[in-house]
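Numbering of ligands and ligand atoms starts at 1, following listing order. Since the structure is predicted, the reported quantities are computational estimates derived from the model, not experimental observations.
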Amino acid sequence: MRHCTSLGHPPHQELEQALRDVGENPAEIPMHEFKRIRCELAGDHGNEEDHAGYVCEVNVSTQLWVRWSGEGHTFVLLAPCPDQPNAQDAAAVCHLFAGHDSLCSWAFRG
Ligand SMILES: [Zn+2]
Ligand SMILES: [Zn+2]
């Protein structure tokens, strides 16, 4: 399984505001990395309305993500996905958010 290939283009000022809202300093963040942000979901998530790109961690239980469809971008705070591929490998975690569409991230590396 491969990644979704959609790229988001979050408006610069809205991204800065979203970062400030969670206590981050945009001046300390490589903002150019967010000019194009790749959808982190699996390629078959199949919902053109609902791509999702990771922005930053806010705390251990909260992450800032941007979701988009077409030109519209929405910044959302989401909890990390709690799923693990197996109980023996505690280091293996899903890099997506709780309740995401389609497969967990370990299932579609590459
Ligand atoms: Zn997508
Ligand atoms: Zn997951």
J.: Name of the H100 N, O or S atom nearest the Zn ion (ligand 2)?
T.: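 Per the distance ranking, H100 contributes NE2 as its closest N/O/S atom to the Zn ion (ligand 2).
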J.: Please calculate the ND1(H51)-the Zn ion (ligand 1)-SG(C39) angle and round it to 10 degrees.
T.: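 Here the angle at the metal atom is close to 120°, to 10°.
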J.: Look up atom CG in L19 and atom CD in E28, then write down how far apart they are to the nearest 0.5 Å.
T.: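 Between atom CG of L19 and atom CD of E28 there are 11.0 Å.
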J.: Considering only heavy atoms from C-beta outward, does the side chain of H3 approach that of L41 to under 4.5 Å?
T.: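 The answer is no; the side chains never approach within 4.5 Å.
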J.: Going from CH2 on W106 to CG on L96, what distance comes out if it is rounded to the nearest 0.5 angstrom?
T.: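 Atom-to-atom, W106:CH2 and L96:CG are 9.0 Å apart.
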J.: Please work out the angle at the Zn ion (ligand 2) defined by atom SG of C104 on one side and atom SG of C81 on the other, rounded to 10°.
T.: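 About 120° at the Zn ion (ligand 2).
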J.: How large, to 10°, is the angle at the Zn ion (ligand 1) when you draw lines to SG on C4 and to NE2 on H45?
T.: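 It is 110°, given to the nearest 10°.
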J.: Examine H9 together with H73 and report whether their ring centres are nearer than 6.0 Å.
T.: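 Between H73 and H9, which both carry aromatic rings, the centre distance is not below 6.0 Å.
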